[in-house]
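Worth knowing before you read on, the calculation uses all heavy atoms, side chains too, and leaves out hydrogens, waters and symmetry mates. All values derive from a computational prediction rather than experimental measurement. Each ligand, and each atom within it, is numbered from 1 in the order the structure gives.
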Amino acid sequence: MKTQVAIIGAGPSGLLLGALLDRAGIENVVIERQSPEYVLSRIRAGIMEQVTVDLLHDAGVGERVQSGGIVHHSIDLVFKNTRHPIAVSELTKGKVVTAYGQTEVTNDLMEHRKKLGLQTYYSSNQVELHHIESEKPSVSFEHNGQRLTLECEFIAGCDGFHGISRQAIPASILKEYERVYPFGWLGILADVPPVSPHAVVYANSERGFALCSMRSMTRSRYYVQCPLTDKVEDWSDERFWEELKLRLDPEMATRLITGPSIEKSIAPLRSYVAEPMRHGRLFLAGDAAHIVPPTGAKGLNLAATDVKYLSEAMIDYFKSHSNTGIDHYSERCLKRIWRAERFSWWLTSLMHRFPDTGDFGQKIQEAELDYLVNSESLSRSLSENYVGLPLNFGE
Ligand code: APR
Ligand code: PHB
């Protein structure tokens, strides 16, 4: 088999890249380890920058986010049991973010791919990359009991943090940067109206961080910081709701509508970057190259900008015979990635209870939050990063 671009992974990065390349007339095949149902069962953040929404429109899948997404103009910060709204849009000349679940984005892209009849090999095992340093790379994999080989011109490694693509870059070339945080997030999804339908709520409390978000006017997503040693079974729905209330301000806690959870999971928090994002004919995009802690909701947005830059670079190569885009891909992405890494690390450090800093750490966080909500310049800095820095920032 032959194609122009072999894409490893059918998460948002791989599927979005496939859609953008197809729009430009570039043939591509997606190879995914899991079944579509499994891919769609993973619940992740759901806040999109305008750049991401625009890209979904460019890819031809903007309709559902347009009708189903909910536009947010502000966020709420809670500390010392008091709520402080931050007028994100006012502080960024009208920019907004859109609440729309990542599962929905993936589903829209899958449907689109199916409608166009684009080749996708789900449930593929033993995926291996070959000859990535040559001009004729290929991918081999097992599908329905058969070993298949796909020859291509480029391989896009969109296979997430635990994928195989990054490992194909020699250890002598790949440099990794990492911070693992000493806690996790326990998240639940419930069919109840969101406590704050027009803003995400980030709460700092002596008991630990909490977050209130949403998927629609009738479906909410809530999180509480928890020790990494905790198990989902330790947390009944009742215990979760009680703990969440204790971390919010009293007015919000009274307003909170609770109900049975339809999903409950614990996720660790990590900051991670691998450099470079290109080796020979292999290009990494999304979680395959970098992870941010979910505080700030930058994961999907970073994946989307990688894919934007990668699709532009490949289109330049195939249509204009130019290597400039592919040669600058890694550098161009990493600039934006490190800015989002910094923001996500900073917001994580500001909002969580750290086991080693104790009451002193708590007081310093409260002083910084107090400064932030009372300073227009600090509130603007938070807002600019939250809505996403402009693509040409610093150029
Ligand atoms: N072969 C084929 N596919 C693989 C392999 C493999 N060896 N390993 C992993 N995959 C698949 C996974 O099953 C998954 O469906 O690659 C896909 C990667 O998808 P994601 O992990 O969602 O990564 P990405 O598409 O880059 O999306 C980034 O996900 O974690 C969030 O915050 C992050 O929102 C961001 C988004
Ligand atoms: C979510 O909706 O799941 C969400 C929102 C904002 C975040 C993280 C997660 O910062």
Discussion item. Can you report which non-hydrogen protein atom sits closest to atom 25 (O) of ligand 1, along with the distance?
Written reply: Ser13 N, 2.9 Å
Worksheet item: Short question: side chain of Asp76, backbone of Arg83 - any donor-acceptor pair under 3.5 Å?
Response: no
Worksheet item: On the ring face of Phe161, is Arg166 found with NZ or CZ under 6.0 Å from the centre and within 45° of the axis?
Response: yes
Worksheet entry | Geometric cation-pi criterion, Arg281 with Phe154: 6.0 Å, 45° | yes
Worksheet item: Among all protein non-hydrogen atoms, which one is nearest to atom 6 (C) of ligand 2, and what is the separation to 0.1 Å?
Response: Tyr202 OH, 3.5 Å
Worksheet item: Atoms of ligand 2 less than 4.0 Å from Ile47 heavy atoms?
Response: 5 (C), 6 (C)
Worksheet entry | Salt bridge flag under 4.0 Å for residues Lys2 and Glu27 | no
Worksheet item: Considering only protein heavy atoms, which is closest to atom 17 (C) of ligand 1, and at what distance to one decimal place?
Response: Glu32 OE1, 3.6 Å
Worksheet entry | Any N or O of Gly286 closer than 3.5 Å to N or O of ligand 1 | no
Discussion item. Please check whether Pro12 reaches ligand 1 - meaning an N/O of the residue sits under 3.5 Å from an N/O of the ligand, judged on distance alone.
Written reply: yes
Worksheet item: Is the shortest side-chain N to carboxylate O distance from Arg255 to Glu251 below 4.0 Å?
Response: yes
Discussion item. Please report whether ligand 2 has a polar contact with Gly296, defined as an N or O pair separated by less than 3.5 Å (distance criterion only).
Written reply: yes
Fill in: Nearest neighbour in protein (non-hydrogen) for atom 2 (O) of ligand 2
Ser213 OG, 2.6 Å
Item to complete: Run down the list Ser344, Ser220, Ala45 and name the one with the heavy atom closest to atom 9 (C) of ligand 2.
Response: Ala45
Worksheet entry | Closest approach of any protein heavy atom to atom 31 (C) of ligand 1, naming residue and atom | Asp287 OD2, 3.2 Å
Practice prompt. Say whether, by atom type as modelled, one donor and one acceptor occur between the side chain of Ser205 and the main chain of Arg247 under 3.5 angstrom.
Written response: no
Worksheet item: atom 8 (C) of ligand 2: which protein heavy atom is closest, and how many Å away?
Response: Pro294 O, 3.3 Å
Worksheet, complete the sentence: atom 32 (O) of ligand 1: closest protein heavy atom, distance to 0.1 Å, is Gly299 CA, 3.4 Å
Worksheet item: Between Thr52, Val127, Asp159, which one has a non-hydrogen atom sitting closest to atom 16 (O) of ligand 1?
Response: Asp159
Worksheet item: At under 4.0 Å between heavy atoms, which part of Pro294 makes contact with ligand 1: side chain, backbone, both or neither?
Response: neither
Worksheet entry | Nearest neighbour in protein (non-hydrogen) for atom 3 (N) of ligand 1 | Arg33 N, 3.1 Å
Fill in: Aromatic Tyr177 / basic Lys175 pairing, under 6.0 angstrom, 45° off normal
yes
Worksheet item: Non-hydrogen atoms of Arg42 versus ligand 1: any pair closer than 4.0 Å?
Response: yes
